[in-house]
Asker: 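This is the structure I want to talk about, given as structure tokens.
The figures that follow rest on heavy atoms only: side chains count, while hydrogens, waters and symmetry mates do not.
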Amino acid sequence: METDRRRGVAWQNRKCEAKNLLGRNGNNCGGSSSSGSKENRDVYCTVALDQEEICRTPTIERTLSPFFGEEYQFEIPRSFRYLSVYVWDRDRHLKQDKPYGKIAIKREDLHQYNHKDHWFPLRPVDEDSEVQGMAHLEISVDDGVGNLKQVPEFDDHFQVNHQSSNNSTSTIFGGSGSDFGNNQQQPFRNILDSSTGSSSARSSRISIKLTECMDLARKNGLCDPYAILTAHYSNKKKITKRTKVRKKTVNPEFGETVSFDLCVDACGGSDSKSDSNNTYTVVPLGGADLCEVVIAFWHDSPGMGDDVFLGEIKLPVRGKQQLNAVQQSAWYYLQPRTSHSRPTRTCATPPGTRLSSDNSLGSLRLKLNYNADHVFPLATYDQLLNILIQSIDQKPITASAVHILGEIIQNKTEVAQPLVRLFTYTNLIAPMIKALADHEISKLTDPTTIFRGNTLVSKMMDEAMRLSGLHYLHNTLRPIVEEIFAEKKPCEIDPARVKDKSMIDTNLVNLQEYVEKVFEAITKSAVKCPPVLCQIFHDLRECAAKYFPQNREVRYSVVSGFIFLRFFAPAILGPKLFDLTTEPVDEQTTRTLTLISKTIQSLGNLVSSRSAQQPCKEQYTGQLYKRFCTEKHVDAIKHFLEVISTVGANITDGETTMLEPVMLKEGMMTKRAQGRKRFGRRNFKQRYFRLTTQSLSYAKAKGKRPICDIPLAEILAVERLTERSFKMQNIFQIVRKERPLYVQTANCVEEKEWVDLLSKICQSNKARLEHFHPCAYINGMWTCCKVTDQYATGCTAVSPKPFQMELATALDPARDLQRLHSLIMVNFGSLEELDPTLNAACDDPAAARKTIKKLNELANGLERIHRKYKTMLAREMRYGSRQAPIGDDNYLHTSRLLAGGGGASGGVGGGNLAATAAAAAAAFERSPGLFHRNHPLRSSDNERFSQC
């Protein structure tokens, strides 16, 4: 079996609000306005992977119970340990935002809150709550007689040599004479030499090599990490050593070795002494064993106050049993300090602040949707794909696999999304929707109820319009939406909402202008409607006309119900959900968009005489309704609906519309100035980038004249740049013939979106490169391969071409098939419960039972493939590897449960690797939410996140 396997994850939050926040004076006023502006807060939230901000809500002003109601959705391109939501307090006077509180959910625990509405308690934000990342350690022990023994090789005959002298002291020298950075063949030298007494005997010691760290936390956007290693002895003596500072990196490479004696001569009494530079430590002699080594990581912040704690690792090394449990080479998760090691908290500090002892900061409400799928190559799902495609010609349709999936899965949107993407990939979405729609319309007696219910075909239509018509929607509505956001004209016409009644007429004029612009943009966009949507609308119109031949309006209403009510109107109401804008939406603009959306929805109903005769729901909209309820507007709507539901209606102007550039993506990013040789921050400047179907350009600001316009045909490759080139994250390069253009995005999600989109657009370029340089050309040399020729051929193969059906539409059929398989397994009980009801619900129960049996067999077969792969993966996994670092509480808990407590009890050493692997395999089988990311992946490790 191939090991080509990926994972996809989705997270969605349907509700977002906070309650019981503390006022700025430390009181909980319940958000009442009578408490005064000094008590209330201006609050917003950010969603972060670990500490990397991904998205941000608008600010809710003057409240202690804010309601956000925002939705965010994105794919996660990297591993993460915690998904966090921060609550921020915006201070208008100091112009500084302060973290008020946070919630942090472990990746392994996200599945526990799937489809659940939950109130999470807010926790204070301090150094220890922000710990993240992991470190790699190599540990060995010198037995004191010149033999170097690795830790796992210690046996029962190991003894620690003791030297004792009541009147002598030992001095430890650091500086240039220490082991830091020593890469000689004999890496561990005796740095603890007795100044008096016998010098022929040598002390046993443990040597710790700190090789590298990954994903350390940033502090104020920076990370200059260093490590402090502290040896704790049984007589409470401490010996401390410090590494050098690594500048501007969250993935530092140290490569420094530190040695500590397993015992020191000490008679108790006085504490250890050290100078300010930690160059030596004086320890009284006696008999004290080494108990523990603590490796603490700090951010160096000279001139900005105290250094900031990043995390620590504790190694218990007292005695033979604990020494045997320590692995020779392992990765460790960084952990927060224990409570007694943290800064002292007192009740004298204001409640709710970072150092207060009161943790009652309020609560945050979220409803999460979390899904994760392990994806195999497409060939693995061939049989499942075939049975789904056969649904188009299955007679009756109620016996088909697609219809049965719609019956057993309660949430129709969950099953509609992968089905639409899958049938769009195979160019069969139109006939599939036609088959389902024909069956549904045939069962109705009232044409006004067509597609009004929560059915599979209605949800598939919604997803098909959003998938295939998103760029059509952007091209039609984005200019008007941007105008509304820029002008911010008041449009409120409800007398109960307007203080100055004389402004109603002016507001009505503003609203009428906006509605007229939106209406004109929609009705004139018919020739730009995607062909696949035109085919679907044509089929729906024909089906409705077939079953209701006497109703002349049904040919319009069946199409209008989708294009106006389920496409244009929702997009105007929630422009951020349809990527029409990235700007925060204030209260006035929200109200304006709501009124426009309601009016457009009413205009869509004008094609029905029954709807046109109904009185207005709100009295104040009567005058607005009369303005647009005219024969001219009705004719325009009918003409628009006729064009988009006639196959081939856009062929006449097809060539013209294809020549018009369509804006695909835009946003502010940081680019490196071209032609500069010197290295420095001034070489990076903020620019506003615009990607269209013809070129990529950037300007100094939005709306300004482009400084540079790069035709898409001139882009040879788009690849990510390694961090060590500029010591900056989220940088990618656009390779051109002259020189590469280096661009930095705000976060990893934005970087993935730009790289994926540019790669898909330019993948068919004739001059596309096969190799590229993953590092930058700096100071006359490529930093990756050390070649001085600026035009030298790349040293790394470019990313493989992803599948692309049409411009900017990336479909992954293997992932969608795996999502369907996961849904079948979750709803397996519903599949069995459906069998007794088939006689009444299906026209051919025998054919339906045959399909159900086939789905069962395919789902069980795929599940066996998953289990086989997970078992193989668990056998290869080692606790302490990068895939399973030491310190993961869930992993240890699973190991203890499944190992049954039997066998050796000496920690996680070499003898427990088999039990640990078995535990990992069982963990895969038991919990669908417990996933290990670092296995062989296909092109990328896709995760998806969305929040409302």
Asker: Hey, are R421 and D816 close enough for a salt bridge, meaning a charged N less than 4.0 Å from a carboxylate O?
Answerer: yes

Asker: Under 4.5 Å between any side-chain heavy atoms of C785 and H773, yes or no?
Answerer: yes

Asker: Within the side chain of H821, is there an N or O that forms a donor-acceptor pair under 3.5 Å with the backbone of A859?
Answerer: yes

Asker: Can Y879 and W331 be said to form a side chain to side chain contact (heavy atoms under 4.5 Å, CB included), step by step?
Answerer: CA-CA 9 Å; Y879 189 54; W331 285 88; over 6 Å; no

Asker: What pair of heavy atoms forms the shortest contact from I409 to K412, and how long is it?
Answerer: O-NZ, 3.3 Å

Asker: Nearest heavy-atom pair of A401 and S391: which atoms, and what distance?
Answerer: N-OG, 3.3 Å

Asker: Tell me if a side-chain donor or acceptor on S759 pairs with a main-chain N or O of D756 at a distance below 3.5 Å.
Answerer: no

Asker: What residues form a salt bridge (Lys or Arg N to Asp or Glu O under 4.0 Å) with E212, not counting sequence neighbours?
Answerer: R882

Asker: What residues form a side chain to side chain donor-acceptor pair (under 3.5 Å) with E751, not counting sequence neighbours?
Answerer: none

Asker: Give the minimum heavy-atom separation between M460 and L436, together with the two atoms involved.
Answerer: SD-CD1, 3.6 Å

Asker: Do K116 and K367 come close enough that some side-chain heavy atom pair is under 4.5 Å?
Answerer: no

Asker: First locate atom OG1 of T426, then atom CD1 of I389, and finally report the distance between them rounded to the nearest 0.5 Å.
Answerer: 5.0 Å

Asker: Mind checking salt bridge (Lys or Arg N to Asp or Glu O under 4.0 Å) for E750 and listing every partner two or more places apart, or none if nothing turns up?
Answerer: none

Asker: Only counting residues at least two apart or in another chain, list the ones meeting ring pair (Phe, Tyr, Trp, His ring centres under 6.0 Å) with Y113.
Answerer: H118, F120

Asker: Check whether the side chains of T745 and N730 place a donor and an acceptor atom closer than 3.5 Å, and report yes or no.
Answerer: no

Asker: To the nearest 0.5 Å, how far apart are CE in M432 and CG in D539?
Answerer: 12.0 Å

Asker: Evaluate side chain to side chain contact (heavy atoms under 4.5 Å, CB included) for T796 paired with F772, printing each intermediate quantity in order.
Answerer: CA-CA 5 Å; T796 304; F772 77 106; 4.0 Å; yes

Asker: Side chain of R107, backbone of F80: donor and acceptor closer than 3.5 Å?
Answerer: yes

Asker: Search all heavy atoms of I536 against all heavy atoms of A464 and return the closest pair with its distance.
Answerer: CD1-CB, 4.3 Å

Asker: So, the side chain of N860 versus the backbone of N856: is there a donor-acceptor pair under 3.5 Å, distance only?
Answerer: yes

Asker: Of the non-hydrogen atoms in L384 and L817, which two are nearest, and what is the gap between them?
Answerer: CD2-O, 3.7 Å

Asker: Mind jotting down which residue pairs meet the side-chain hydrogen bond (donor to acceptor under 3.5 Å, both in side chains) criterion with at least one end in residues 453-462? Sequence neighbours excluded, please.
Answerer: E440-T455, T455-S458, D462-R566

Asker: Among residues at least two apart in sequence or on other chains, which ones pass salt bridge (Lys or Arg N to Asp or Glu O under 4.0 Å) with D215?
Answerer: none

Asker: Apply side chain to side chain contact (heavy atoms under 4.5 Å, CB included) to V47 and L83, showing your working.
Answerer: CA-CA 8 Å; V47 180; L83 193 146; 4.3 Å; yes

Asker: Is there side-chain contact between I644 and L533, with heavy atoms separated by less than 4.5 Å?
Answerer: no

Asker: Assess the pair F578 and H474: is the distance between their ring centroids shorter than 6.0 Å?
Answerer: no

Asker: Rounded to the nearest 0.5 Å, how far apart are CG of N114 and CG of L368?
Answerer: 8.0 Å

Asker: Is there side-chain contact between I731 and T722, with heavy atoms separated by less than 4.5 Å?
Answerer: no

Asker: Compare every heavy atom of I404 with every heavy atom of A848, then report the nearest pair and how far apart it is.
Answerer: O-CD1, 3.9 Å

Asker: Identify, with sequence neighbours excluded, every residue that meets side chain to side chain donor-acceptor pair (under 3.5 Å) alongside H136.
Answerer: T211, S329

Asker: Just how far is it from atom CD1 of I433 to atom CG of L428, taken to the nearest 0.5 Å?
Answerer: 11.5 Å

Asker: Would you call F423 and V402 a side-chain contact if the rule is heavy atoms closer than 4.5 Å?
Answerer: yes

Asker: Look only at the side chain of N411 and the backbone of T413, and say whether a donor-acceptor pair between them is shorter than 3.5 Å.
Answerer: yes

Asker: For a 4.5 angstrom cut-off between non-hydrogen side-chain atoms, does E414 reach L823?
Answerer: yes

Asker: Checking Y82 now: which residues fulfil side chain to side chain donor-acceptor pair (under 3.5 Å) with it, not counting sequence neighbours?
Answerer: none

Asker: Which value, rounded to the nearest 0.5 Å, describes the distance between L712 atom CG and T692 atom OG1?
Answerer: 6.0 Å

Asker: Quick one: do C795 and H771 satisfy side chain to side chain contact (heavy atoms under 4.5 Å, CB included)? Show the steps, please.
Answerer: CA-CA 6 Å; C795 56; H771 295 83; over 6 Å; no

Asker: Can you sort out the partners of H538 under ring pair (Phe, Tyr, Trp, His ring centres under 6.0 Å), two or more places apart, ordered by chain and number?
Answerer: none

Asker: Return the set of residues passing salt bridge (Lys or Arg N to Asp or Glu O under 4.0 Å) with E753 (not counting sequence neighbours), or none when no residue passes.
Answerer: K665

Asker: Using a 4.5 Å cut-off on heavy atoms from C-beta on, say whether the side chain of R819 contacts that of R815.
Answerer: no

Asker: Flag the pair I54 / C748 as yes when at least one side-chain heavy-atom distance between them is below 4.5 Å, and no otherwise.
Answerer: yes

Asker: Which distance, rounded to the nearest 0.5 Å, do you find between the CD1 of I734 and the CG of L716?
Answerer: 11.5 Å

Asker: Could you tell me whether the side chain of S881 and the main chain of M877 form a donor-acceptor pair under 3.5 Å?
Answerer: no

Asker: Using a 3.5 Å distance criterion without hydrogens, assess whether the side chain of D50 forms a donor-acceptor pair with backbone atoms of E52.
Answerer: no

Asker: Once side-chain hydrogen bond (donor to acceptor under 3.5 Å, both in side chains) is applied, what residue pairs with a partner in residues 375-389 remain, sequence neighbours excluded?
Answerer: Y381-Q818

Asker: Run the side chain to side chain donor-acceptor pair (under 3.5 Å) test against Q394 and tell me which residues pass, sequence neighbours left out.
Answerer: none

